Student: 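One structure, pasted below without further comment.
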Amino acid sequence: MKQRLLIVEDDEMVQSLLAAYLQREGFLTSLASTGKEMLACADTEKIDLILLDLGLPDEDGLTLARQIRARSNLPIVILTARLGKSDRLAALEIGADDYMTKPFDPEELILRIRNLLGRTNNSEGRSENTVRPEIFRFSGWSMDLAAHSLTNPGGQQIPFTRAEFNLMAALAKAPNRVLSRAYLLDAVSQDADSPTDRLIDVLISRIRKKIEINPRQPEIIITVLGCGYKFNADIS
Ligand code: CA
């Protein structure tokens with residue numbers, strides 16, 4: 001079954017080139033040129049992933065990404081001409097799964113898209129099906145590494161972005177050990193040009209809001225001053 005990508009881009013030239021390229025790679029495409037069109041499209045069509053330009057005529061892409069993230073775990077790849085580190089951090093902070101700076105290499109974009117779709121779909125057995133299912137349980141939570149899902153003590157599945165999940169997995173795989181920011185950065189980041197220690201702090205703070213009873217006084221992921229972070233729960 002073909003997967004459908006929603007391209008949100010107001011530059012018609014970029015939009016049509018991208019659509020043609022993605023179709024040639026075997027994807028279905030839906031197009032939107034404004035935030036309004038994007039939201040309408042996301043409501044009416046079954047979309048597997050969103051490619052989102054940050055500079056749109058009606059709304060800022062970051063605001064849109066936040067709106068999507070508030071209601072679904074749909075993979076979002078930000079496409080931006082903005083080069084600033086603060087924009088990239090902001091994109092990951094609001095829950096985008098990946099980003100590429102324009103002009104981008106289409107082959108790299110395809111790889112990143114396939115990577116995200118593979119991860120988000122592998123509960124349907126589409127990929128990574130040779131990986132043995134592994135489930136970590138801690139503090140009432142259950143974390144399914146193969147399905148990339150986290151279920152809270154109330155049995156509710158809580159959306160985690162790819163970066164958040166990979167960070168959680170790195171911590172949970174080494175319970176009660178102090179892990180440095182550099183180590184954790186390595187675990188979450190594929191691209192070497194952007195990561196900073198601050199990214200880890202941002203992701204940790206997002207994760208704490210999801211799993212800690214009081215995120216200001218965390219009990220599961222502990223800050224070890226001057227060293228890094230420690231996963232402070234027993235894993236079964
Ligand atoms: Ca634009």
Side-chain angles (χ1 to χ4, degrees), residues 2-121 159-164 188-196 198-199 202-203 206:
K2 286 191 175 187
Q3 291 175 302
R4 181 173 289 278
L5 310 186
L6 172 55
I7 303 170
V8 189
E9 169 63 76
D10 60 321
D11 183 327
E12 278 179 37
M13 180 76 100
V14 176
Q15 193 189 60
S16 60
L17 283 174
L18 208 47
Y21 189 80
L22 293 168
Q23 283 163 19
R24 214 166 52 225
E25 292 292 321
F27 294 105
L28 299 170
T29 54
S30 296
L31 304 176
S33 318
T34 63
K36 204 180 242 174
E37 282 176 25
M38 182 203 82
L39 293 172
C41 199
D43 278 342
T44 53
E45 296 191 66
K46 200 207 156 289
I47 304 291
D48 295 294
L49 181 144
I50 295 184
L51 292 168
L52 179 61
D53 176 31
L54 283 192
L56 293 168
D58 57 343
E59 276 217 73
D60 186 79
L62 288 179
T63 310
L64 291 169
R66 195 177 291 117
Q67 284 171 9
I68 299 166
R69 186 54 74 237
R71 58 186 190 182
S72 85
N73 206 21
L74 191 61
I76 304 171
V77 178
I78 302 268
L79 303 174
T80 176
R82 301 176 190 173
L83 286 165
K85 189 175 276 178
S86 59
D87 279 311
R88 301 194 212 174
L89 279 179
L92 292 170
E93 195 164 12
I94 53 101
D97 295 275
D98 209 343
Y99 57 79
M100 291 203 73
T101 307
K102 296 181 195 173
F104 48 80
D105 172 10
E107 276 179 50
E108 188 186 349
L109 178 64
I110 293 289
L111 283 177
R112 288 179 185 237
I113 289 171
R114 290 201 199 287
N115 184 27
L116 279 172
L117 289 174
R119 283 167 188 277
T120 48
N121 281 329
F160 272 65
T161 68
R162 187 183 56 156
E164 289 163 9
V188 296
S189 174
Q190 278 99 12
D191 45 357
D193 65 310
S194 62
T196 63
R198 158 101 176 113
L199 171 61
V202 164
L203 290 170
R206 287 179 56 90

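Small disclaimer: the values here were computed from a predicted structure and weren't measured. Numbering of ligands and ligand atoms starts at 1, following listing order.
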Student: When you compare the side chain of Glu45 with that of Leu6, does any pair of heavy atoms fall below 4.5 Å?
Tutor: no
Student: Can you check whether Asp58 reaches Glu37 side chain to side chain, under 4.5 Å on heavy atoms?
Tutor: no
Student: Testing the basics here: between Leu74 and Ile47, what is the closest heavy-atom pair and its distance to 0.1 Å?
Tutor: CD1-O, 3.1 Å
Student: Return the set of residues passing salt bridge (charged side-chain N to carboxylate O under 4.0 Å, His left out) with Asp105 (not counting sequence neighbours), or none when no residue passes.
Tutor: none
Student: Side-chain atoms of residues 11-20: list all donor-acceptor pairs with protein atoms under 3.5 Å, sequence neighbours left out, distances to 0.1 Å.
Tutor:
| unit_1 | atom_1 | unit_2 | atom_2 | d |
| --- | --- | --- | --- | --- |
| Asp11 | OD1 | Met13 | N | 3.0 |
| Asp11 | OD1 | Val14 | N | 3.3 |
| Gln15 | NE2 | Glu9 | O | 3.2 |
| Gln15 | NE2 | Ala32 | O | 3.2 |
| Ser16 | OG | Glu12 | O | 3.1 |
| Ser16 | OG | Met13 | O | 3.2 |

Student: List-wise, which protein N, O or S atoms are found short of 3.0 Å from the Ca ion (ligand 1)?
Tutor: Asp10 OD1, Asp53 OD2, Gly55 O
Student: Who passes side-chain contact (heavy atoms from CB on, under 4.5 Å) against Pro103, sequence neighbours left out?
Tutor: none
